[in-house]
Every structure is written in C-alpha cells, then in structure tokens.
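Notes follow the structure.
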Amino acid sequence: TGASPILPPITGLQNVPFQVLRTMDDALALKSAMTGAKHAMVLGGGLIGTHGAENLADAGLKVTLVEAKGQLLPGYFDGTASALIAKAFRAHGIDLVFGQAVSKIRPGVAVLEGGSEIPFDLLLVATGVSPDLSYLGQSGIKTARGILVDDLQCTSHPNIWAAGDCAESSLFQAEATGVAGILPVAVEQGRIAGQSMAGDGAVKPFPGAVSLNTYTFFGQQAISVGRCADDAGCESHIRHDEAQGTYLRIDLMDGRLMGAAAVNLALDPGILWQLILRRTDLGEVKQRFLADPKSIGRLVMAREWK
Ligand SMILES: Cc1cc2nc3c(=O)[nH]c(=O)nc-3n(C[C@H](O)[C@H](O)[C@H](O)COP(=O)(O)OP(=O)(O)OC[C@H]3O[C@@H](n4cnc5c(N)ncnc54)[C@H](O)[C@@H]3O)c2cc1C
C-alpha cells in the first residue's frame, strides 16, 4: 500500500492551502495551483523537494527552498557533493535556506525558527513519506515505522506478506530494520513476496536493503549508492574538482565497497549496488578501481556474473 507524505507539525499549516507530491493527482493539483502563482515555497530539500523546486523555477516562479538540516539532500550526499548541487540551484535563482525549520505559517507567510519571514503564494510540502498503517487497525500485525517483515517478506501473520514502501525489513549495512523507500527494493521485495506466497522453493531471502539513488538536476547528474556510517571507520577516497563541478567519493572497508557518491561523473550505479550486495573483494584491483570505478566495476562484475 506504499507510503504517504508526512505533514510536519507546523503551527498554521492546516489553515493554508498547500501541495504534496506523491501521486499523479498530486502532480495535477500542483500544476493547477501554479496558475497565477509567483513565489513558491518548498519545505524540504530531499529528492521530492529538490525536483519540485527545480521544476517550479523552470516554470518561471520565484522559489525558496527551506531545509532544516545544513544542506540539500542530507540523506544522500555529504556536504561537499551537496554544495556542488546547491550551486546549480542558486545559479538558477532558487533561494536556499539551510539549518532552520519553518516554525509557523500564516496565509502567504512562512516564519522561520530564527524569526525571519518568507512570503509565498504556493506551498509545496516535501518533508518525507511514511507508511500508511491506519488500515491495519486491530489486526495485530506487528509494525514499527512500517509493517515488520522477515527475509521472505512475511509479516507477523503467517498468511500476510508486505513489500515495498509499506514494509520495514532488514538493512544490508546496519544491524537494524528500516523502510527503504526506493523502487528497486520494492520490485525485489515484491518478487520475493510473490514467490514466497506461491510456495516457490527456489525463493532467495531478501539480503537487506541497500540505498540506490540517481538524481538529475538542471541537466547535471548525481548518484548515491550504499552508505558508510560516520563512525564505521571506512576508508574514504575523495576526488573533487570545484571548477569542473565534479565529485567522486568511494568508501571502502577491508577492500570491500560500502558506498559511493558522484556528481557529474559517469558511473554504473547498478554495478556498484551489486558490488556492495555481493561484498565483492576489490583488494586486488583497489587502485585501478579507485582510478576508474566505472570500467573496473564493469570488469569485476563481468567476472562475477560468469
Ligand atoms: C515523486 C516521486 C518520485 C520518485 N522517484 C523515485 C526514483 O527516481 N527512484 C526510485 O527508486 N524511487 C523513486 N520513488 C519511490 C518509488 O516510487 C517507491 O519506492 C515505489 O513506488 C514503492 O512501490 P510500492 O508498490 O511499495 O508503493 P506505491 O508505488 O506507492 O504503490 C502503492 C499503491 O497502493 C495503493 N493503496 C494504498 N492504500 C491502499 C489500500 N488500503 N487498499 C488498496 N490500495 C491501497 C496506493 O494507491 C498505491 O497505488 C519516487 C516516489 C515519488 C513519490
């Protein structure tokens, strides 16, 4: 059953018209709200908020994006990569406000925590999504943030399975469970749930979710695959060319890929995703992989797939 937009507990939000972006109907409602609007306010600098801001600016609106954390796309990119992305937004006239949440909304005005006021005549709320569990009622099915599932996507009820944005499953790179919220994981979990429901003995358990995001902005591109927690002790290899607007970060641990992020460099995110999931030992080719992750990643995977 997917997920629904989270509405932050901002005083006054429910008293003003606002838009969200999850379904086609939401997109059509946003499009019609744009008619006659001049100044859009976007709450949230994640993937939905940044795509929304870019398209609103392309349509000729003045756009202000407010992100409570200190950078754009905080769950996906580090500060350096994010600053390159932010530069493109500013170059296209979008005002970015970081490190302050909107604390109050009055008709046509958003008040930031610091007290400053930003006028708007169109408001897009993009502060994340959350599985909608309300229909489960008193079913007794175990939930946390999402519907808790085992590695065959079965819930706490033996005849009910869950997959995709509503399911909370194991994470590949953490001793924890989580809601992945991305299409490739939803597809994989759906396949496993279907096989498991049909009693297919060949079903392979879900290995845990690894994040995989490709992001395009103003004709540029960025990717983010996997993650390495700040305290995990990964070796981070970084190449940054401010003038060219390029960035590459590769995080390794014990010769194995943990995470990669790139801005304006061609990489194969699917191959990097597989290298993480297979815990492929890159020790032998480490220096060559760091110098050319695209070609060497392809070579290594070609060998693994044989
Ligand atoms: C604007 C946007 C852009 C995105 N871009 C990307 C991207 O580039 N890459 C990526 O990997 N992911 C992206 N995602 C996330 C991706 O769409 C989701 O991870 C994926 O759709 C999850 O699939 P799902 O089947 O779990 O949920 P959904 O696709 O949300 O489908 C759930 C369906 O269940 C229906 N439903 C809900 N409640 C009930 C009920 N009680 N009874 C019956 N039906 C019900 C809903 O109407 C909906 O049609 C994006 C999401 C959004 C909103």
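What you see is a predicted model, and the numbers here were worked out from it, not measured in a lab. Note that ligands are numbered from 1 as they come in the structure, with each ligand's atoms numbered from 1 the same way. These values consider heavy atoms only, across backbone and side chains, with no hydrogens, waters or symmetry-generated copies.
One option in Gly52, Ala186, Gly146 has a heavy atom closer to atom 23 (O) of ligand 1 than any other, and that option is Ala186. For atom 16 (C) of ligand 1, the choice among Leu183, Thr23, Thr216 with the nearest heavy atom turns out to be Leu183.
Closer than 4.0 Å to atom 47 (O) of ligand 1 lies none of the heavy atoms of the protein.
Distances between N or O atoms of Asp165 and those of ligand 1 include at least one value under 3.5 Å. Of the N or O atoms in Arg22, one or more lie within a sub-3.5 Å distance of an N or O in ligand 1.
Between Arg227 and Asp251 there is no salt bridge, since no side-chain nitrogen of the basic residue lies less than 4.0 Å from a carboxylate oxygen of the acidic one.
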Extract all donor-acceptor atom pairs below 3.5 Å that involve side chains of residues 100-114 and protein atoms in other chains or at least two apart in sequence.
from	atom 1	to	atom 2	distance (Å)
Gln100	OE1	Gly114	N	3.0
Ser103	OG	Val111	O	3.3
Arg106	NH2	Glu117	OE1	3.3
Arg106	NH2	Glu117	OE2	3.2
Glu113	OE1	Ala101	N	3.2

Check residues 30-37 and write down every donor-acceptor pair under 3.5 Å in which the side-chain atom is one partner and the other belongs to a residue at least two apart or another chain.
from	atom 1	to	atom 2	distance (Å)
Ser32	OG	Ala29	O	3.3
Thr35	OG1	Ser32	O	3.1

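With respect to atom 8 (O) of ligand 1, the closest heavy atom belonging to the protein is Thr214 O, 4.9 Å. Among all protein heavy atoms, the one lying closest to atom 1 (C) of ligand 1 is Ile48 CD1, 3.3 Å. Looking only at protein heavy atoms, the nearest one to atom 27 (O) of ligand 1 is Gly2 CA, 3.4 Å. From the protein, the heavy atom lying nearest to atom 15 (C) of ligand 1 is Gly181 O, 3.7 Å. The single protein non-hydrogen atom nearest to atom 44 (N) of ligand 1 is Thr1 CG2, 4.4 Å, given as residue, atom name and distance.
Classification of the His92-Phe218 ring pair by plane angle, with boundaries at 30° and 60°, yields parallel.
No side-chain heavy atom of Leu43 sits less than 4.5 Å from a side-chain heavy atom of Phe18. Looking only at side-chain heavy atoms (C-beta outward), Thr177 and Leu171 stay at 4.5 Å or farther from each other.
Residue contacts with ligand 1, taken as heavy atom pairs separated by less than 4.0 Å, do not involve Leu212 at all.
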For this session: Decide yes or no on ring-ring contact (aromatic ring centres under 6.0 Å, His included) for Tyr247 and His240, but give the supporting numbers first.
Result: CA-CA 4 Å; Tyr247 180 78; His240 176 208; 5.7 Å; yes
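Applying the 6.0 Å contact sphere to CZ of Arg288 captures no more than 12 heavy atoms from other residues, nucleotides or ligands.
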